[in-house]
Amino acid sequence: MRFVVPLLFIGLMLSVAVPNGAAQDRDVVKSIERALNKGDVPGLLAFGSDRIAVAVFGEAREYSHSQAEYVLKDFFKTHRVTSFSFDDRSQTDRGMFVQGRLRYRGADEPLQVFVRLRMRSDEWELREIIIRK
Amino acid sequence: MNRRFWIFGLLIALLAPATLLIRNARIDALNRHEDALRAAAVTDAYRLIDDDLRAIQLQMLAIGSDIAGEEAVRRGLDAARSVDGPTTDPSLVDFVAGLSLPDQLSIELYTPVPKLVAWLGASMPMDDAPAQPQFLDRYVTAVATDGDRRDALAIWVPVRDGPTVYGVVRVLRILRSIPPVQNTFLQDYDITDTWSRKTHLELRTVYSAPFDDLLPATGDVRLLQGIDGRSLGRVFVDRPGGELLIRNVRDRYDAVAGFWVALAFAWVLAGAAAAYRKAARVERLSRVSIRFTILIGLLIGYRYVLLTLDLPNRLQRGKSPLAPLYDPVHLASTLFEGAMRSIGDVLLSSIFVAVAGLAFFHFSATILARTGEAKQSDSSRGRLAATALIVLSSVLVTSVVVILTRVSSQVITDSTLDFFSRTGLLPENLVLIVFVSLILLGAGTAILFAAGMMGLISGYRSYSANGGAGIARLLIPIALSLAVVALVAAKAELFVRAAPWVGPTVIALLIGAGLLTFRWAAVGIRALTLRNILLAIFWITAIVYPLLFRGLEQQRRNRLVDAVESFDDGRDPRVLFAIDRILLDAVDNDALRAELADAEVGPPQNESDRVRSSSADSIATNILRRSLLASMGAYEVSLTILDASENPIGRYYEADQRLTTSALAELERNDFEIMKEMREDSDVSGPLVEPMTGRRERERFRYQGIAPVDADDMTIGWVMASAEPRSVVEEAVTPFPRVLVPAGFYGNLEGDVSLAEFRDGVLVRNTGSGFGRYRLSEDARRELTTEADVWRREIDRGKVYDTYYHRRPGSGTIGQGSDIVLASRLQAITVFDHLYYLLRLTVSGLFLGIPLYIFGLFRRRLAGLLPAPEVRFRDKVLNAFFAVGLITVAAMGFVGLQVVTGENERAIESWLKQHLERVEKTLFLEAQAGELAYSVMDRTSIDSLAARVGLDLNLYRGTELVASSRPQLVEDGLIDERLPMPAYKALFFDGFRFTATEENIGTFTYPAGFRALTNEEGKPYYVLSVPTLPEQERIEEERARTVAYLFGALLLLVIVVLVTASILANALTRPIMRLRQGLEAVSRGQFTRITPFESRDEFGELVRTFNSMQDQLADSRVKVAQQERQLAWREMARQVAHEIKNPLTPMKLSIQYLRRSFDSEKDRDSAEFGSLFKRITTTLVEQIDALARIANEFSTFARMPQRVIEDLDLNEVVREAATLMEAEEGISIRVKLFDRPLVVKADREELRRIYINLIKNGIQAVPDSRQGKIEIVTRAERANDESGSAMAYSEVKDNGAGIPSELQEKIFEPNFSTKTSGTGLGLAIVRKSIEDLNGEIGFETRTGRGTTFWIRLPLTHDDEPAS
């Protein structure tokens, strides 16, 4: 009897740990949404691949993970986020593309944000961020 | 630290809080008068804008007025008034073609009509200035608009001579330019952005439009006025919120306060440095170490204080030219918590590392110089301290290698700069700054490494001095081995399989750099010669480059992986999304709906027409341009509008196919039919988006979507959108030029990357010229059975490539059907490429080296070292060779570059000419009898001609562009619709049939060729032009490669020159050095031969003559020695005879007296006879003893007894002699012995006697009136001759009367003595003994003060002396 509770606990942990495809997709999107809501760059790039394409108001470039962090920090320093939410997405077996609106202090019109993810080794990784007016 | 220092510190400490107080007061004022201040901010912004705009206009007016005042302009315009078309006046054309204008400016010359007669720069549509009443009377301002792409400010300046008006000069200046794509060459420009940055306000500008309905309900509007009072536009400002104003004020004051804080910290650091330097001179080592630790801690802390305060970035934020230095877009790394977060921070951190290096070196040198203190009373404590020193030094040595390795490779991978472009000798500015930073970091690392090496040596010595010599020898290898393990564990990436040579090479070079540092530090500022500085730069470059190259390798790999990914990217969800969006936007677009409602129904009347309605094209273009789809550079996108009967009536199409409008429309109808059928089958109500087979590449997907445009429950038309992935490099005849590719193009559109796709090992698709085989190589296939990603170096048709193979996941197993392998390849880096990059790095290092050299010159001059009193012959030779070599290399480089560039230009021109001739010949093939090419052109489509000849073509009628095979470039404003003035001059005035000019798109420059098609009168009717845009890549690559090889070879030449110079200088000076040593030996009385020098030149002869002279001298010396010996023997014999006679005479007299007494009976029987007998016999015994003593001393001098030579410690012998003499003479002898054994080969007894003799002489030399002081010192030192061998030095010093100068030469002679007793052989015996031991003896004396006898004996072991 005394082993039942630990076994149940282990089973519960395992059940939570076992990847659930759709749930995993939602988790990634939710996590990215939360990070963008707070302007949390490390949280956003936690899913980033080694190289990330970042386009801020037009010009897109491929950056290393380190460099993308600073480029985005620079952006969020001058654009203090007040709210963000994703409102559309499309997905294939290996890719996901989500769109949202970002509102920041001092601006009436929101910015459009597009995030592209790709599946690699059964995990989603953030590959591209596009920020437009 | 004096009083001024403290006053300065106090002042700085007060400034920061004072600034913050002022800031708070300012913010309070802001809060109280917010509205007024907001209004004031807007007013200030308007004033800035007005002033800026006015300044621009005044500049333009000045230029226009200058041109209008030229005689050639007046004459030309006068002549042009009477002819049709552009001017016929050559002097006007010459004048205009020769003008040089600033960026963004262009000029046009008009007759009063106005009719254009001459121009220079980009064209703009006409503005409303000619309609103004004051036109031609005075200057008029206006704004010219080119759709929504460009706006330009225009100033019209009349060309007058009194009342006569000849024409007008129009000066244009771009105010806003929006290119269709954004990349390195093409970027948005809007003067409003400049004003926004300067005013910190959100601004929006509208030019020359009706303004009333654009006025926002809130916000301010300002009229933009010309200097003639005309309205040019409106600028709208969003009145800043209080929060923004407060933030601006806070930021400004915080920046100033931050500066004071940084200055205060610098003051603290300066104080710590001064305290350390003082401690290093006078304090104990432990205190010095504490001060040093504080100093280093403060130095590192200061760097992070600057990071935290964001200095110096926040002081210049947004202001050029420093802004790019701190823009993370160029370089940003998370290494070391932000110390490398921008180019400026990399530079600053490198300076800090260099300063830390100097501090560490100074500290290590201090420890090394004071290792005598290392011997502690408690040896175990001393050993512990020594161990700590060894460990810390090992950590230092390891850390600096890790830092240098990580930084050097990360600056490449964490940057978007192109470090390894082949753009000439000098890299571009930002890359140059990064290289300079790395050289500085390399120098700092080398100095730190040297400091670590010194620490290890000091630790070893200290450990040995505390009784642990044996363990010390083991400790260092152990510590260093652990350091290497730590390097590997820290992923320093020095020891990797791919390049195993890097790690050992870098470490060996660092050790070499450390040794050089020791050598140069010993001579101080004398080391700052040009040769040494250049050597240092070369050395550091050699250290840094392999590490940089690791980053380049990684970057190349990233490119190849990205290229494959792009090549493979067939399922992109963002495209589905983007097409869906654009279709939804399109169906709601009012302009589109209105266009469809008005459109006629039915097929196009003329199949060759491009479009039914240009407005439908514009609508499609506008919709697509604003969409996400258009920003996807990896795709060719199109948007087609179809009417209710499903006929295409307008489109935006950017594919590069050579399709006629009718052919394109046919394709569109086919696609639409398929899509419509699918939509009906799927029963969707809104847009339908589906992947389809690629139009150009059947194996690829493309995405197509359609949506109906409904009105009043009727479908009035359709919208169809398409996106097809671009090939990375097309195999089409004219590949897509890089200048027109959006930045961040996913896959890098570089002409040098080749790609291929293999299915089941068979090539099915490829781009570029790298993959020449139709099957996948067996070796690659074999590796791909176990690995999905394979990297290989392969040779294909004599070229070496780096190739990346990727087996697509889920594509099947290799060899078992349906496997898909994608591959990308780049040409490998050659040796000459390496040399070229090395040279660029070295040249960057000169930006540090030259200021350092100038500083060195200045300091050496101050120190009186310049001009140098003596310059060695070797240095003169070396400098001469060096100078000649450098001049030769520089001249060759300059000439070579000119030749390469010139040849390249000539080759391009020749290529352009040949191709244009081919075009003309193609036209002639279609000509009827007697028909000229120009009339064939009348009936030929430019598209078909371009397709036939495989070139892009533009066609000008007169000076106006009438057709282009790339109409999109014309519509986008990237190609001007007017013939460039230099081409116009050459073809229409100078009579050339062909000319080439340099054109540009944005900052991308390319050569273009122009050929005139003349009419029957021989005048240009058409002008055909070939822009070399697509081929520019290849031409530039070839030119760059040639330049790279040239510079690579030059670097090799520089190295060869330096090495040759060094060898030759050594070869020339070696015999001179030997001669000099020989002469020095002669001057010292040593008559040794110089080692034979095998040379058939004058030097060899000189050496042979010298040796012959030495032989003769040696013979003479032998003879002289013989004579001296004979003389010495005679003298000694005389001395012996004299000495022996002395006791013999009294002996004889005594015996004679005794005999007489014995013979006398009276005396014999007397009582005194017994005592007389005893007295005389006693005297006889004494005299016999004296004879025996004389015999012994002469025996000793003649060296009769045998020596026992052994290794003995000189210190011990000296101590024994001193102890003996102290006991015998009852005086105190001061002994200062060397702290380590001085092992010499000698006879112990003999050596002791020597010192006893010297001590005795010293005691005897002290006058009675003085207290005698005898001091004996021993130490180790180096011989002064060339051998530099280790010697044991000892001296016996007394405070006696000294040796008078007249006696000094005789002091060592055998029969010389200043004493009343003794044989005078003592010092002669001492000297002979010392000479027999291969030593030297001498003395220094001061009359009345004392004498010091010194002895040098060779040490048996050549241990490094302490000083």
Side-chain angles (χ1 to χ4, degrees), chain A residues 25 41-42 45 49-75 77-78 80 87-99 105-109 112-122 127-133, chain B residues 178 181-184 187-188 202 238 240-241 243-244 247 326-335 338 340-342 410 412-416 554-555 558-559 561-562 565 569-581 626 628 631-633 689 691 742-748 809-810:
Chain A
D25 299 352
V41 173
L45 295 184
S49 66
D50 290 340
R51 289 180 313 286
I52 302 165
V54 179
V56 178
F57 303 143
E59 192 175 345
R61 291 186 193 213
E62 286 270 329
Y63 297 106
S64 67
H65 196 284
S66 282
Q67 206 176 354
E69 188 171 326
Y70 280 111
V71 170
L72 288 168
K73 274 183 181 170
D74 224 35
F75 167 76
K77 211 184 289 185
T78 51
R80 309 277 173 108
D87 48 29
D88 209 342
R89 70 191 266 179
S90 75
Q91 185 170 346
T92 63
D93 54 347
R94 284 194 294 156
M96 195 194 312
F97 196 75
V98 275
Q99 178 195 5
R105 265 187 235 170
D108 296 327
E109 294 296 321
Q112 283 183 307
V113 176
F114 303 91
V115 174
R116 182 167 71 87
L117 301 109
R118 71 174 171 201
M119 176 70 75
R120 186 164 267 201
S121 305
D122 294 329
R127 192 62 185 86
E128 187 174 4
I129 302 174
I130 303 170
I131 301 173
R132 296 161 42 136
K133 286 188 179 171
Chain B
I178 312 290
V181 294
Q182 302 277 327
N183 55 38
T184 312
Q187 290 176 9
D188 283 356
E202 290 290 325
D238 283 336
E243 195 183 310
L244 178 65
R247 194 172 75 215
Y326 292 95
D327 191 344
V329 155
H330 302 298
L331 186 152
S333 179
T334 50
L335 269 185
M340 309 278 168
R341 66 183 183 192
S342 66
Q410 289 296 136
I412 305 294
T413 53
D414 287 338
S415 171
T416 53
Q554 188 58 49
Q555 207 181 47
N558 291 346
R559 273 183 69 195
V561 169
D562 287 347
E565 207 169 292
D569 204 2
R571 297 179 184 81
D572 193 339
R574 62 180 181 162
V575 179
L576 294 170
F577 181 87
I579 292 179
D580 190 70
R581 290 285 93 194
R626 287 195 298 268
L628 178 64
S631 69
M632 292 181 176
V689 184
F745 177 61
Y746 187 59
N748 253 333

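Naming convention: chains lettered A, B, ... in sequence-line order (proteins, then strands); numbering from 1 in each chain. Keep in mind it's a predicted model, so treat the numbers as computed, not measured.
- For the residue pair B/S333 and A/S66, the shortest heavy atom distance occurs at CA-CB, 3.9 Å.
- In terms of heavy-atom proximity, B/T334 sits nearest to A/E69 at CG2-OE1, 3.8 Å.
- Taken to the nearest 0.5 Å, the NE2 atom of B/H330 stands 9.5 Å off from the CD atom of A/Q67.
- Scanning all heavy atoms of the two residues, the minimum distance from A/Y70 to B/G338 falls at OH-CA, 3.2 Å.
- Checked options B/D414, B/T416, B/N558; the residue passing with A/S64 is B/D414 (criterion: side-chain contact (heavy atoms from CB on, under 4.5 Å)).
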Worksheet item: Can you list the steps and then say if B/V561 with A/R51 is a side chain to side chain contact (heavy atoms under 4.5 Å, CB included)?
Response: CA-CA 11 Å; B/V561 169; A/R51 289 180 313 286; 3.8 Å; yes
